[in-house]
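Note sheet for the following structure.
All values derive from a computational prediction rather than experimental measurement. Order of the sequence lines sets the chain letters (A, B, ...), proteins ahead of strands, with each chain counted from 1.
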Amino acid sequence: MFKSYLLITVRNLLKNKLFSLINILGLALGIASSTILFLLIKHETSYDSFHKQKNLIFRVTETIDQNGVGEHSASVPFPVAITLQKDYSQWVEKSVRLFNFQMPSLSISYKNKNYNESKFFFADSSFFEVFDFKLIEGDAQICLSQAHTVVISESIAKKYFGNENPLGKEIILKRQIDIPLIVTGVFADSQKPSHLVFDFIASFSTLYNISNNDFFNQWVWNPCWTYVVLKDIDFAEQLKGQLPTFVQKYFDEKIKDDVSLDLQPLTDIHLRSNLDYEISPNGDIKYVYIFILTAAFILLIASINFINLSNARALLRAKEVVVRKAIGADKEELTKQFIIESVLMSSIALIFAFIDVELAAPYLQDLSGSPISAYITNDWNIIKYVLLTGLSIGLVAGIYPAIYLASFDPSKMHRGSVLTGTKEPIFRSVLVVIQFVIAILLLISTFVSSRQLDYLKNAKLGFDKDYVLVVPIGGSPSVLLYDEIKKRLLHHGEIISVTSMEEILGSNYQTHKFKANSLVNNKLSYYPSIIVSHDFLSTFNIELVTGRNFIQKRKLAEVNDAGINMNEDWFRYFEEDENNAVIINETMVNYLGMSSPQEAIGKEFSRAGGTEKIIGVVKDFHITSLHSPVLPFVIDLADDKIQRSFLKYMAIKVDNKDIEKAILVLEKVWKKLNPYQALDYFFLEDKLNKLYMKEQQWSKISLQFSLVAISIACMGLFGLASFIVEKQRKDVGIRRAIGATMTEIVLFLSAKLMKLVVASILVAAPISWILMQIWLSSFPYHIVMSPDIFIYAAGIIFIITFITISFHTIKIAIQTPMEAIKSL
Amino acid sequence: MKILKTVNIEKVYRSFDIETTALNKVNLEIEQGDFVSIMGPSGCGKSTLLNLISLMDLPTRGEVFFMEQSTSRMTDKKRAEFRRKYIGFVFQNFNLIEELSVYENIELPLVYLRMPAAERSMRVKQVMEKLDIAYKQHFFPMQLSGGHQQRVAVARAIVASPMVLFADEPTGNLDSVHGLEVMEILSELNQNGTTIVMVTHSVPNSEYASRIIKLFDGQLVSGSVSQYSI
């Protein structure tokens, strides 16, 4: 029996080649697209899931909330890990800390090679006990147990040592002093996704050797990413319950009432964490949900296609059904036959789907733009998913046509044409509308996401991001050379302005303690802030609302000469802005409860024990991406001593006509003054655009899958149109005979399907408006949905549909009336 | 043995508010071994009657007894089983499955009977030889003449050795030579014991029958009872 089903399936497929191709390819495209989305979902949800103790590992996070300002930090003070382990040893098995001086990169040298490495961390010796990163050389038990040891990645070993054995080699970490590190291990370059991305893990004990600073024991500065391994997952709640007591017991008196700690499951970090100072950029669970929805939509479109086409073709097989019934086949047998046929067809589609996925796999990127790990694409689960999806669709999609076919009444159908008297089923029309609603939804989402992305990239940030070169200088001797580098650079006409800053403007900020003279908050609190050097406002063209910019002491005479009125009260205070002055933004003025920016000038806004006062108020600007609203913000001028070491980046405004020359100048000056450190630089605009990588990737993915959805829907419509038009061939003949023009015939034939498309547009518009409003509301700054988005989407769908249908309608319309009638 | 009996069967078609009575209180008996021709003008209900007594359709009212069993309350599955085991059907327009070869078309009823492959092969070959179409066994219906297609249709109808063979205008789409051939085959089958019920317009064809039933406007005019029953 099965052989008979197989035989007739194959012959049917071959008999209607175009139709079979459309049906199979549509399904294959649907399965392949959903599989690709499944790969993305799998990739995004598999972060850190390869660690054996993944369910027992928690990251300790810290929130400092002081009257609405403060930080939500992914890292905590140095002593937290050890103290937690000691005080709660009944629950905490192990702990590990990672630390990188909070520097964007660290300077490493080996012999005469110098590199800036951004993936360098110090970690406790328990690192390889907590996390399952595989060592390919060295002993995981002891490789980090000694001071001045380092474990490096396979690719770093190759980069520094070529084919030489890396074990025992000495590299130098260049800080203010040179720190030697002996290579004690090499780990495999990980292909498994993890929020921990690193190339160097140096032993934590090295830090104690090179510094006797008391920050190892203090409970304020929070630069350590800290992970604890619990003895049982049930202890997490118990430990969380003890954290407030822990904070009160150990944290600094000045902040302990504002601090809270929390435990974050390791496997939640990538998708559900968006804290300050994340160790690497995270994903977003929102996009996983969007991927799931899109995959489901595409599968639905493909399934509907399959159902509709199989169903339409079923009419051509009515005769076969009747004959089979007449010779004794019952409904059950016929249903079984058609379902098996459907599953066989979907099996063929599966082969094409596998080929599609294999071809696409090397080009797949995750939301951060990185390639999807090979191990994900080779995962057996993917194969299972594809098989299960394909066969389920075959089964489910086969049921309706099978039941529909098997229900044909032999007494009514065994005479005459099987096509006569069969109306266009409402069910099929509903399915077509659903397909097009989904296609339009995806198209509108493409328009909206692309416009939102443009908006994010091109929004006025309140500062100039164009033609600004950023050079990392923090954590290395370069920071000490900053003044000289700046002086030399400014000798060249291509360099307009130079400043330095603690974080990349527009990307990130720190929080620092200040005491405001305000009714709202007059105690030392952590405020979002940035430490900068002179010429910060001018380099970024940040607008002063009132007050003045920072002035260098040595330039004060020039200011006097310029005739600026020094008698005004607010100006008189400041002889040394480094120690006496801060500038705030307008939101801070509001936060402090002041009625105007002018009122803020001269008010105390000092560091602990300091004498800083507010000298200026700048217009609000976006200190971080447009994912966050503008915060109350402080710009503090670095003093010449300790704060100088906080400056991590040099920002150079260059002449837009001479960019290449400006870069050459930078390279020349750098090489001359700082020959033992590699120069890294990037344009601020590029860096800030990367903040919207998720949106950019989503916009790309949305466009690709909208096109897939529209293609599948149109393939279905193409097949369906051929049937609908075929059924009306006689009508066409008669209409032509009584004088209808070709255009009238085309319009007559297209009307029915175009009506469905119009209905789809009407249904899709309000749904997409609601969905897009929900998506947009997740951004504090977003576009306003305008009607033209809907008009464009509707227009595109309308035109594509009309062209698709026209292929068939025109073919019939150009026949002579007799040709049309005779071919019945 | 009465192989078929109808008691007051009626068939009414409803379309919107209009009711059309296709058959009106038809009583009919057919004995095993009969060769019955159903005749009458177009639209008199010949095919409707054939559909009802061949268990292809259900009467609106009345009862059809097949092999002395009431069929009105039979499930679809049971009716399919009866068609499979006891009934063969020859259509006017052959109704061969175009995707299947001559051999496969003929074999199909045996497949539904779950007959073992070796036995199927033997029976298909026998019937093909009997109808002289063995040399066309690998052909597809589209490649055959009308006469050959009808031979294949007859072969398929008789391959499972049905008790009754129903034929709806079996020569309607054939020329006179091929028509005659088909009638000779039916006649021979009848002589070998197969009951044949045939709808026809053709008077010469009707003469092959041992009994003629005449219908007019959905009512039986003559021939309701077999001569064997009288």
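- Within 6.0 Å of atom NZ in K136(B), more than 12 heavy atoms from other residues, nucleotides or ligands are found, so the atom counts as buried in its surroundings.
- Within the 4.5 Å cutoff, the side chain of R83(B) has no heavy atoms near those of the D330(A) side chain.
- Interface residue L100(B): backbone and side-chain heavy atoms are both found under 4.5 Å from chain A.
- Within the model, atoms CD1 of I97(B) and CG of N12(A) stand 10.0 Å from one another, a figure rounded to the nearest 0.5 Å.
- In this structure, the side chains of K325(A) and R79(B) stay at 4.5 Å or more apart for every pair of heavy atoms.
- The number of heavy-atom neighbours closer than 6.0 Å to CD of E332(A), taken from other residues, nucleotides and ligands shown, is 12 or below.
- Other residues, nucleotides and ligands contribute over 12 non-hydrogen atoms within 6.0 Å of the CZ atom of F65(B).
- Interface residues of residues 106-117 of chain B toward chain A, defined by a heavy-atom distance below 4.5 Å and sorted by number: L108(B), P109(B), V111(B), Y112(B), R114(B).
- For Y86(B), no part lies near chain A; criterion is any non-hydrogen pair under 4.5 Å.
- Only the backbone of L96(B) has a heavy atom closer than 4.5 Å to any heavy atom of chain A.
- Within the 4.5 Å cutoff, the side chain of I327(A) has no heavy atoms near those of the R84(B) side chain.
- With a 4.5 angstrom heavy-atom cutoff, K15(A) touches chain B only via side-chain atoms.
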